[in-house]
Structures are given as structure tokens and as C-alpha cells.
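Worth saying up front: this structure is predicted, and the values here are computed from it rather than measured. In what follows, chains carry the letters A, B, and so on, assigned in the order in which the sequence lines appear, proteins first and then strands, with residues in each chain numbered from 1.
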Amino acid sequence: MAREIAKAYEPQQIEPRWADFWVKEELFKADANAPGPVFSIVIPPPNVTGSLHIGHMLEHTEIDILTRWHRMRGYNTLYLPGTDHAGISTQRVVVKHLMDQGIDYHKLGREEFEKLVWKWKAEAGSEITQQMRSIGESCDWSRERFTLSPEMSHVVREVFVRLYEEGLIYREKRLVNWCPVCLTVLSDLEVAHEERQGYLWHIKYPVVGSGQFLVVATTRPETMLGDTAVAVHPEDERYKHLVGKKVLLPLMNREIPIIADDMVDREFGTGAVKITPAHDPNDFEMGRRHKLLEIDVMTDDGHMNANAGAYAGLDRFEARKRVVEDLKAQGLIEKISEHTHPIGICERSKTIVEPRISKQWFCRMKPMAEPAIAAVERGEIQIVPENRREEYFNWMRNIRDWTLSRQLWWGHRIPAWYCKENKHVTVAREAPTKCATCGSTNIEQDSDVLDTWFSSGLWPFSTLGWPENTADFKTYYPTTLLITGYDILFFWVARMVMMGIHFTGKVPFRAVYLHSLVRTGSGEKMSKSKGTGLDPVALNQQYGTDAMRFCLASMAAPGTDIVLSEDKLASARNFANKIWNAARFLFVNLDKFEASGTKLEELAAPEVRAKAPYTYRGEMALVDGWLFNRLAVTARGVKSALESYRFHEAGHDIYQFFWGDFCDWYIEWIKPELQNPDRERAVVAWRNLFSAFATALRLLHPFMPFLTEELWHQLPQNAGAKSIALDTYPQPGEERLHLEYLMQFQLIQEVVVALRTIRSDMKLDPKKRVAAELFVWDGLARDAIRRSQDGIVRLGILSQLTITEKPMAQVGGMMRSTAQFDVRIAYSDNVDMAVEKTRLKKEIEGMQRAIESKERQLGDETFRSRAPEKIIKGLEATLAEQRIELRKLQDRLSQLEKDS
RNA sequence: AGGCCCGUAGCUCAGUUGGUUAGAGCGCUACCUUGACACGGUAGAGGUCUGGGGUUCGAGUCCCCACGGGCCUACCA
């Protein structure tokens, strides 16, 4: 039967089929009761609002590679998918959606709004998980989780109440980061710092009863409306005499005290600082120390409030202008200087964050941070790359309390109820009917929700059934590994570690691999909102998901950010095409061979894999010995690379093997064998080819799941089998490598390349067959080569090859020599001896340099006494070879010079 | 302000504990439409590893300084 196989690899034709197959067959459903070592990984839940971006593509590629790899190696494997309700993002998306329809969400009311978000989630919230299916991620979809599902909410509430009962959660009025656009408080981590060009306004505050002025410097003049003091350093001679006096706050005509506090920097500005406790973190602390008034002069949405007097109602930036103008008019601006300073930006709305006094829920972090630090110190959690450990420690050691509440409607509502009669607080798992303290039924639940990261922090155990001791929890917790971006080390990783240890007594994962970020050519982080991102979905469509995966993996060196380009994708696509065509070669030739009357079963015996490499009457072909050893070397390399998250190295090894060894040499070499009239020989060749190809496919499968699944199914030995994903992964053999195969075939490769190089230098017609002579120094190798003569003749495009028993004189024809062999093409047309001489001279120079440096080193007593034996031996061996080569080159050159 | 990372071939980047003539992909040059593959084949050119100093028998690799680029943390008004 003739097989239909397209001439070029067309991923669009095969990917959707396997993506569906994997999902429908529930191929990756985990079984908590299955035997074997466990590999479990939970997904960093993407936002429900999201769609797959290039960062996910990288992350999910890495996760899926390791997941498939472990599964194939026989681990009880769970890759648990899910999404995050993403409070602020989702609420913003839906609010905007409503606005587009002319609906103000405030008017809908909370309940109605929440219903709409759920509806929206049901309709649009599975885009990313659908995309994950279509790119073939080997998740267990039966265990998909959502951070705001009833089950997860139950866990969140349990955790909140326990923390409250333990005194780790408290409610307090203090200075927080407020976003006037999102209308919510933010945690420190959600505030980005940016250097901005601004001004330093020097404002003259009249000292009461003296006619003098005290000049303060500020970057935010509008906040002066809320000033309740001016502070100077207690030892500042310039101002000592003023401490205890008062200034008259301009524009507000309020008398405020001059205080002394050593937090003041005498060097900065004028050395006198206005104090606005309600709008600046420093001032707030100082205010509390000195029991100053805290006057909030702004509204939620960044306008001035009634406390701002004449400025009430103005936008904060407008107010700044007006304040400055008015001060100028009164002659109270002493000077204005340019000043670059960092300001806080809301990560979502990009507006300037306003520090503000507000009553919020906080989580005490220090007690939880300590065990989290210890766990990493003791190595219970491995952080990769290691240099991130220090960042982790640094942040953990300086940790500050976490602002938990958010003024949103979408999220886990805080399980706290306030007694309206006497302000008692009831925190409970189940909604209470009355105040726990006074019994009043006049209670109301806190209207805020929890920071989204609070529920994400529980993800590794909430998804596995905690607080019940479920089978999943028992088997899969702690998870084996977490793969996520280093940009959320604090947001998420650190918090999971703290929560995990606190609640389960165990670390949530044994290792964290922090992957790179994908950047644009100009070094920016790729971002959809900035329009600088490449769209992985479109690119997958164009180049193939496998190509994308392979490309990303090949670039994913730990600790290095990735700059992706279409060039690189094309190169990965070409690799996929190469494999496709290797398969095509197999099948086209198989058809021919079958046509000559061979039964497929003979070639595709089920044990084909197990017994490979096959021999012909006990005799191993050198090329087979070589190829299977190369395969073993590759499997070894891939294993050690993946064990240490060096995806790029694994990818490179496989690429090298598949293209360089398998396609360029093996296939070329065995071509005649496959149609060998000696049927027995041909069958051996076919079995080895099938076996090697299938092994290579299995090696590649975690990287390119679609292509390998497709081709694997077409191999006769896999007829009727379920999936390559459930097949075994090639393990590096226990037995030692047979180095002689590797070395002997490598020698052949060198000979063939030397022949081709000579031909190329001679500008020989590529089809012109010429006679050549070969001498090989090593007797064993010479015998091996004699048996491989036909191959050399074919690949070197020779008419005949004479293998001599003696070294060759460096005369006549065109030659190449190494320490191991001499090869000559006895053909002298077209030879430009001047070019040959130049080449020889250049090579001699290089060789002399190499030899001299080695001689110098080896002649150095200190080197000999201190360098390891291995290095010295190696150097000596190389030196000996190079001396031989040099002598040959010199002989050759002088011969040529004599001739001319 | 503190910390971290990077600067290697025209481009994008590898280079695990310092050790033998520094690698890959793309690009480039020449030749080749050969029965798997032009998304291809064959051969080749091209870096002395940003600069300077140091440690060492030996440095792309370790240390210091400078220059250039990036990131993170941070309450300098």
C-alpha cells in the first residue's frame, strides 16, 4: 500500500486532530492511586480575561516539556490547569464592556454586577484554556480549577478565619497606596516606581510673630493644603531657634507647629520639610510620633475635598497648578528647580498612586516569612536560577505587612461582619446572623474583597482538596515543581511558600524554576497593551505550534531573557520540516521495498525497538553501532539538560542528532542497504532505521508533540498503539558506550569531508567521479574502513578508493592529511597550486602557534607540577598529533614549492 | 540609595565547577534543481570574548576599576 505523505510539513493539517484526540481520550488524566514516583505541577493560573500571549507560550512550553518528559519516564504525573479570577483586571474589563453599552455598573448594584461578571466569565472566560488545549498541553482537564469557584472560596474563607484567629490578620487605619482610577487600595507590590522629571518648589511659610519665613521644599505643592506641621532636624543650627514656634500655612491660614525630628535630611532642599501626615508615608510616621492632625484633602477619585478649602472639587493636578499660581501671586514661591524623582504608578491604570489614609485589612507577614526563609535556606525548596535566591531572601527579610482588602466587587468578599450598633467585628466561616459580641442582628458584611493574590497564594494546596486530606492532596502535595516568571517571585511565589508552610506544614513545591521573559528586539518586555508583542496564536498557525515550542525551548537558557524573532521561528519550522521529510524518505522507500514482496510485519516486529541495533548474522554494521551510540549520547545529554532546566541544551542536542547525525549521515549512508538485493541485509537495515527513528521521535516528543505523535503512529511497529505520549522515554543505556564505533565512524566522516573539501577546492564538477587513495594509521580503524569502503566511495563521489598500507608521500594530486590519515585525489586538472600553497601556509601558521603554546606550557615546570594529570596527558597527546600534522603540511608545501 | 544581570562572529545568543586551535542558529560566499527535504545539499569565510588592571602554571570563565545597556528593591520631601 502506498502511503500518502505531503511533500512539506503542514502543521495546520495535523495539529487540530491530535489536540482533539488528547483531550477526548483524556490521555493525561492523573490517577492519585497509581504507583510510581510522582511528578506534579500546578499551572500558574492565567487571568480569565486573558488570551495566550508569548509569555504564556514560553511558560507553558517549559511546563509541558517537563510534564511529558516525566510522564514518559513512568512518573505518576499531574499537570493541573486552571484560571485566576483576577479581581482588578476582570472587573475593569467588564466595567468597560458595560460602559460601551452605556451602562454604569454602579447603578446596577453589586449583586447584579457580580451576576454579569459570572455570565461574562462563562462566555468569554475559557478562551485561554481553549487555547491551551489547541496547543496540546498535556493537562488533566478533569481537575481544572478556578480561584473563585465555590470550592476555592471555601478554602479562602477557611484560611482567612484561621489567620484572623491567630492574630495574623488585622484591620487598621493607616497610610496606604490608593489608585484614584481603580478606586481601590493597592499593595506595595502593585505600585511600580518610575523616575519622572518634576520640580522642587521652594515655598515660604511665614513664621508666626516674627516677620521671617521658613522655606520648605516639596514636589507635591497641592498636598500643603493638608499640612499639619513643618519639621526640621533637631541639630540643625539654622532652624534650632524656630522649633516650638508656629508657621502660618499659606492659602489655608492655619497655624501649624514647627517640630524637630531626626528623620529630616538636613542636606535635602532647605532642610525644612512640610508635614502632610495624610498624604505621605514619611509624614504619616512622623505625624504619629508627634501626634499631629491627619487631614485628608482628597477624594477617592483624586479630587480635592472640602478640607482643601477654596480648592475643593479640583482635580489633584489642576489643584497643583492653582496652588502654585496662588503662591506665586502672593510672592511665596522662593524658587522652582527641576528635580527628577521616583513616583508610584498603578500597574493597571498607569496613573500616579496617591498615598492616603484608610482603614484596611492587613496580614502580618514577619511570622510567616521566617519559616519561608528557612525552607529555602535549608534547601527544602530549590530556587533556579540560584541568583534569585538572594532576591527572595532580601525581600523576605525586609517584608512588610500585606494590604489584603480591595475596594472591588469581583473577588472573595472579606468574611467580616460589622455590628452597626457598637462597631463589633465578627469574622466567621459561615455568614453569621448576629454580632458575635453583643448579639445584635444589625450587622453588615464588609463590602471589600481580598487581593487576588491571596487566593493564588493557596493554589498548590487549595486545588488539591485541602483542608480535606484527599487522595490528591496525599499523592500530589507538595507539588514537585513550579515554573513561573521571575517577575512574580514576590507577588506569588513567596506568598505560596508562606501560606503553604503555614497551613500544610509542608513546602508547596520542591523547586521553583523562574523562567525568562520574552522581550522585543529593543529589549522591552513584550506586551499586548503596548502592541510590542508577537501573537503566539497567529504564529503557531503560521509556523506550527511545534516549531514555536521548539524555538522557545531552544532559546530558554536559564537566567537569560529571550528575544524572539520570526527568523528563529522559521529555523525551527525548517527543523520540523526536516524531520517530516526524513519520515517521508522512510515511507517512500518502504513502499518500494514492500512492492518487491516483503511483508511489513517482518520489518516491524514489535520487538524492533527492544533488540536494536540489529546485526547481520551477528555482525554489527559500523554505521549502526555509531548511530545507536550517538543516540545514547544524545539521550544522556537530554536527560542531564532537562534535569537542570537547560531546555536550550536539550533542544540543541536533539537538533544536532536528528539533523546532523540521523539525516546527514545515517540516512545517506544506509540508502543502498534499504534496497539491498540480499533481503536479509535489507531487513536488518530497515529494522534499525525504524527503531532509530522511533527512538528519536520519542526523544523529541516533549518538545514537538504534534509532529512526533503523527509520525509515530505511521510507523509500522506502532500500529494500533495509543499514543507516543504514553510510550517510554529513551533512557541513556546503563551499559557503557562503545567508543570505538563513535571514533571509527567519526574518522570516516573526516575522510569523506576531506574528500569533498578537496573536490570543492579543485572546483570539480559535483558529479564527476574520481579515484582516490587513502591511508589510515590505526590498523583496527583501517580494517573498519575497508569494510566501509563502498560508503566512502559513494559519499565522496569516487570512481574508486584504494586503501594503502603505507603512509603517503606528500606529492602529487590534491591531498589532505591529519595525524590519523592521508587522503589523495589523483587528479590534477583545475588545480590552482598558488591557492593551495596559500592555504597550506595559513594552516601551517595556525598549527605552529598551537604547537608553540603547548610546548611553552608543557615546558613549564610549575605547570607540570600543578596542572591535573588529565590536562597534561591531553595536551601531550594533542601536541604529538599536531606535530605530525605540521610535518605533513610542511612536507606538502615544500614539495609544491619544489615543483613550481 | 542598595542589589542583580548583561556586553563573545554582520545579527540573535550558547559557553555547568578557570584547562587542549571559543560554539550554534540566522545572514554571507562558492557550487549544486542529486529520486526525502531549496523550509534543501556540499564546501567555506568570519570573533581573541567592551576597555584597563589584578589573581593564577593557565582567564571568555575568578577579583577590582572604567564605559555602555537592562532589571529589581527602596519612605529622600
Grab the two heavy atoms, one from [X] and one from [Y], that are nearest each other, plus how far apart they are.
| X | Y | answer |
| --- | --- | --- |
| A:L689 | A:I670 | CD1-CD1, 3.8 Å |
| A:L590 | A:F690 | CD2-CZ, 3.6 Å |
| A:K204 | A:V215 | CG-CG2, 3.8 Å |

Do A:R573 and B:C39 have a side chain to base donor-acceptor pair shorter than 3.5 Å?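 Per atom types, the contact qualifies.
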Base B:C75 paired with A:N282 side chain (donor-acceptor, <3.5 Å):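 By the distance-only test, yes, there is a pair.
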Neighbour count >12 (heavy atoms, 6.0 Å) for atom [atom1], [X]:
| X | atom1 | value |
| --- | --- | --- |
| A:F491 | CZ | yes |
| A:E195 | CD | yes |
| A:E267 | CD | no |

For the residue pair A:F575 and A:F658, does the interplanar ring angle fall in the parallel (under 30°), tilted (30 to 60°) or perpendicular (over 60°) class?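 A:F575 and A:F658: perpendicular rings.
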Using a 4.0 Å heavy-atom cut-off, does [X] contact any base of the nucleic acid, only the sugar-phosphate backbone, or nothing at all?
| X | answer |
| --- | --- |
| A:Q857 | base |
| A:F490 | sugar-phosphate |
| A:E668 | base |
| A:V273 | base |
| A:P355 | nothing |
| A:G269 | nothing |

Which listed nucleotide ([options]) is nearest to the side chain of [X]?
| X | options | result |
| --- | --- | --- |
| A:A867 | B:U20, B:G19, B:C75 | B:G19 |
| A:N574 | B:C13, B:U73, B:C39 | B:C39 |
| A:K7 | B:C39, B:C26, B:A38 | B:A38 |
| A:H339 | B:A77, B:G40, B:G25 | B:A77 |
| A:K854 | B:A74, B:U12, B:U21 | B:U21 |
| A:S571 | B:G25, B:U21, B:C32 | B:G25 |
| A:P342 | B:A74, B:U33, B:C75 | B:A74 |
| A:R400 | B:A74, B:U21, B:U12 | B:A74 |
| A:P281 | B:C75, B:G19, B:C26 | B:C75 |

How far apart are the C-alpha atoms of A:F268 and A:H339, what are their side-chain angles, what is the distance that settles it, and do they pass the ring pair (Phe, Tyr, Trp, His ring centres under 6.0 Å) test? CA-CA 12 Å; A:F268 188 87; A:H339 182 61; 5.6 Å; yes
In chain order, what residues pass the salt bridge (Lys or Arg N to Asp or Glu O under 4.0 Å) check against A:K639, with sequence neighbours excluded?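 Once residues adjacent in sequence are excluded, the partners of A:K639 under the salt bridge (Lys or Arg N to Asp or Glu O under 4.0 Å) criterion are A:E643.
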A:E194: what forms a salt bridge (Lys or Arg N to Asp or Glu O under 4.0 Å) with it, not counting sequence neighbours?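 Result, salt bridge (Lys or Arg N to Asp or Glu O under 4.0 Å) vs A:E194: A:R196.
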Between [M] and [N], how far apart are the [atom1] atoms? Round to whole Å, please.
| N | M | atom1 | answer |
| --- | --- | --- | --- |
| B:G58 | B:G2 | P | 35 Å |
| B:C5 | B:C32 | C1' | 46 Å |
| B:C75 | B:U20 | P | 48 Å |
| B:U61 | B:G25 | C1' | 23 Å |
| B:G46 | B:G53 | C1' | 30 Å |
| B:C64 | B:C26 | C1' | 37 Å |
| B:G15 | B:A24 | C1' | 10 Å |
| B:U12 | B:U33 | C1' | 31 Å |

Bracket notation of RNA chain B in which parentheses pair within the strand, [ ] cross earlier pairs, and | pairs with another strand (Watson-Crick or G-U, under 3.5 Å): (((((((..((((.....[...)))).(((((.......))))).....(((((..]....))))))))))))....
Charged tip of A:R756 within 45° of A:W665 ring normal and under 6.0 Å: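 Pair A:R756/A:W665 counts as cation-pi.
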Could you tell me the separation between the [atom1] atom of [X] and the [atom2] atom of [N], rounded to a whole number of Å?
| X | N | atom1 | atom2 | value |
| --- | --- | --- | --- | --- |
| A:E855 | B:G58 | CD | C1' | 17 Å |
| A:D561 | B:G70 | CG | P | 13 Å |
| A:I579 | B:G40 | CD1 | P | 12 Å |
| A:Y543 | B:C39 | OH | P | 12 Å |
| A:N177 | B:U73 | CG | P | 13 Å |
| A:H279 | B:A77 | NE2 | C1' | 15 Å |

OP1 or OP2 of [N] less than 4.0 angstrom from a side-chain nitrogen or oxygen of [X], does that happen here?
| X | N | value |
| --- | --- | --- |
| A:H193 | B:U73 | no |
| A:K873 | B:U20 | no |
| A:N589 | B:A36 | yes |

What nitrogen or oxygen pairs link the protein and nucleotides 1-11 of chain B at under 3.5 Å?
none

Filtered N/O pairs between nucleotides 41-46 of chain B and protein, under 3.5 Å:
residue: B:G41; atom: OP1; partner: A:K578; partner atom: NZ; Å: 3.0
residue: B:G41; atom: OP1; partner: A:W659; partner atom: NE1; Å: 2.5
residue: B:U42; atom: O3'; partner: A:R756; partner atom: NH1; Å: 3.4
residue: B:A43; atom: OP1; partner: A:R756; partner atom: NH1; Å: 3.4
residue: B:A43; atom: O3'; partner: A:T757; partner atom: OG1; Å: 3.1
residue: B:A43; atom: O2'; partner: A:S760; partner atom: OG; Å: 3.2
residue: B:G44; atom: OP1; partner: A:T757; partner atom: OG1; Å: 3.4
residue: B:G46; atom: OP1; partner: A:K842; partner atom: NZ; Å: 3.4

Please tell me whether A:Y392 and A:F490 form a close aromatic pair, meaning their ring centres lie under 6.0 Å apart.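 Not under 6.0 Å, so no.
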Does anything in residues 644-654 of chain A reach RNA chain B, meaning a heavy atom under 4.0 Å, and if so which residues?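 Only A:H648, A:H652 qualify.
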